[in-house]
Amino acid sequence: MKSGKIIVGNWKMDPQSKSDAQELIATLGSKLTKSKKAQAIICPPYIHLPYAIAMKNGFDIGAQNVSVEAKGSFTGEISVGMLISYGVKYIIIGHSERRAMGESDELINKKVLLALKSGLTPIICVGEKVRDHDGSYLAQIKSQIESALKGVKKTEIQKVIIAYEPIWAIGSDSAMAPRDIHEMTIYIKKILVDLFKIKGKVSVPILYGGAVDPLNAQSILSEGEADGLLIGRASLDARNFIEIINIAQNL
Ligand code: PGA
């Protein structure tokens, strides 16, 4: 995995029109440049992917979902093979909005294994609904990570990205405090060390997501020591997204 910051834009179910999507993609394509210090990955809805791939310049492409089945008769589904053949490199798996639509830990694990087997890099999302005072959210995060990575080999863990996204921060006005983010990145790395008996530095990038914007990005990346960001709303505004990439490149 590259050592620079990883900045992912999750467009969710936006932009609503072909023209708005093309305008956003074209602006990013003309303004972003590849840099070792920060890698930009945009994750548009499936329907906008071919245009994003054709225009990709200064950013990589991820998808927001994939079928758990490699092939077969599954109306409405998109397979890993299709994504790879179009040039998609990353896949968001286990986002809380998909978990809320019924995706189980077991399904998420199957998708992670399928992605790794096929050569897509999974961006696995984990996060607690609430931060209780007795700390049971910590056990929840541990169990989400352990079940998502069940059956993943030690040699494959280097190809995984984890995005810690506290659900209460997603779509809200304020991100988690940088020192709490730092605590969580340490905690998640410790889970990986124990799970895979890693000696030395953990090279799995731990991203933070939830109400990231150009005003808080710098402190999340530096004080929070996040290896990158998973950005929803601010990634739909070309100016904001580019500003965050610039912040990451200039750290
Ligand atoms: P937000 O969404 O940046 O709009 O809070 C983040 C996410 O859901 O990945």
Side-chain angles (χ1 to χ4, degrees), residues 5-16 20-21 24 28 38-46 48-49 52 59-66 88-103 108 111-112 115 120-131 137 140-141 144-145 148 160-178 180-181 184-185 188 204-221 224 226-248:
K5 301 289 186 191
I6 299 170
I7 313 296
V8 185
N10 174 14
W11 292 4
K12 307 191 181 183
M13 204 168 72
D14 279 305
Q16 290 297 311
D20 286 352
L24 178 55
L28 296 177
Q39 178 193 6
I41 302 169
I42 61 164
C43 303
Y46 287 141
H48 302 315
L49 281 175
F59 54 81
D60 286 307
I61 308 285
Q64 298 172 20
N65 189 24
V66 70
V88 172
K89 298 255 163 59
Y90 298 85
I91 175 79
I92 299 176
I93 299 178
H95 190 280
S96 60
E97 287 155 11
R98 294 214 58 86
R99 290 181 192 258
M101 284 181 240
E103 289 204 0
I108 290 162
K111 289 187 179 188
V112 169
L120 277 179
T121 299
I123 302 172
I124 304 169
C125 302
V126 296
E128 76 279 4
K129 272 205 189 83
V130 283
R131 274 220 141 189
Y137 64 89
Q140 204 184 324
I141 301 299
Q144 284 177 350
I145 293 175
V160 166
I161 296 173
I162 292 182
Y164 168 63
E165 296 204 298
I167 299 173
W168 49 268
I170 295 175
S172 78
D173 299 338
S174 50
M176 190 182 220
D180 294 338
I181 294 173
M184 289 310 291
T185 59
I188 291 170
V204 178
I206 315 294
L207 317 187
Y208 166 81
V212 174
D213 61 27
L215 295 177
N216 58 28
Q218 168 133 20
S219 59
I220 293 172
L221 291 171
D227 298 313
L229 304 165
L230 179 50
I231 309 169
R233 287 158 296 167
S235 70
L236 285 163
D237 179 310
R239 235 188 10 208
N240 282 341
F241 191 64
I242 291 163
E243 199 177 328
I244 295 172
I245 304 283
N246 287 337
I247 289 168

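Just follow the structure's listing: the first ligand is 1, and inside any ligand the first atom is 1.
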T185 and Y208: CA distance, side-chain angles, deciding distance, side chain to side chain contact (heavy atoms under 4.5 Å, CB included) verdict: CA-CA 8 Å; T185 59; Y208 166 81; over 6 Å; no

CA sep, side-chain torsions, deciding dist, call: N65, I92, side chain to side chain contact (heavy atoms under 4.5 Å, CB included): CA-CA 6 Å; N65 189 24; I92 299 176; over 6 Å; no

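The closest donor-acceptor contact from the side chain of K89 to the backbone of T121 lies at 3.5 Å or more, if one exists at all. Between the side chain of N216 and the backbone N or O of A211, at least one donor-acceptor pair lies under 3.5 Å.
With a 4.5 Å cut-off on side-chain heavy atoms, I170 and E97 count as touching.
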Could you list each N/O atom of ligand 1 together with any protein N/O atom closer than 3.5 Å, one pair per line with the distance?
{"unit_1": "ligand 1", "atom_1": "2 (O)", "unit_2": "K12", "atom_2": "NZ", "d": "3.4"}
{"unit_1": "ligand 1", "atom_1": "3 (O)", "unit_2": "G232", "atom_2": "N", "d": "2.8"}
{"unit_1": "ligand 1", "atom_1": "4 (O)", "unit_2": "R233", "atom_2": "N", "d": "2.9"}
{"unit_1": "ligand 1", "atom_1": "4 (O)", "unit_2": "R233", "atom_2": "NE", "d": "2.7"}
{"unit_1": "ligand 1", "atom_1": "5 (O)", "unit_2": "G171", "atom_2": "N", "d": "2.8"}
{"unit_1": "ligand 1", "atom_1": "5 (O)", "unit_2": "A211", "atom_2": "N", "d": "2.8"}
{"unit_1": "ligand 1", "atom_1": "5 (O)", "unit_2": "R233", "atom_2": "NH2", "d": "3.0"}
{"unit_1": "ligand 1", "atom_1": "8 (O)", "unit_2": "K12", "atom_2": "NZ", "d": "2.7"}
{"unit_1": "ligand 1", "atom_1": "8 (O)", "unit_2": "H95", "atom_2": "NE2", "d": "2.8"}
{"unit_1": "ligand 1", "atom_1": "9 (O)", "unit_2": "H95", "atom_2": "NE2", "d": "3.2"}
{"unit_1": "ligand 1", "atom_1": "9 (O)", "unit_2": "E165", "atom_2": "OE1", "d": "3.4"}
{"unit_1": "ligand 1", "atom_1": "9 (O)", "unit_2": "E165", "atom_2": "OE2", "d": "2.7"}

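The only option from Q144, E165, M184 that meets the side chain to side chain contact (heavy atoms under 4.5 Å, CB included) definition with V126 turns out to be Q144.
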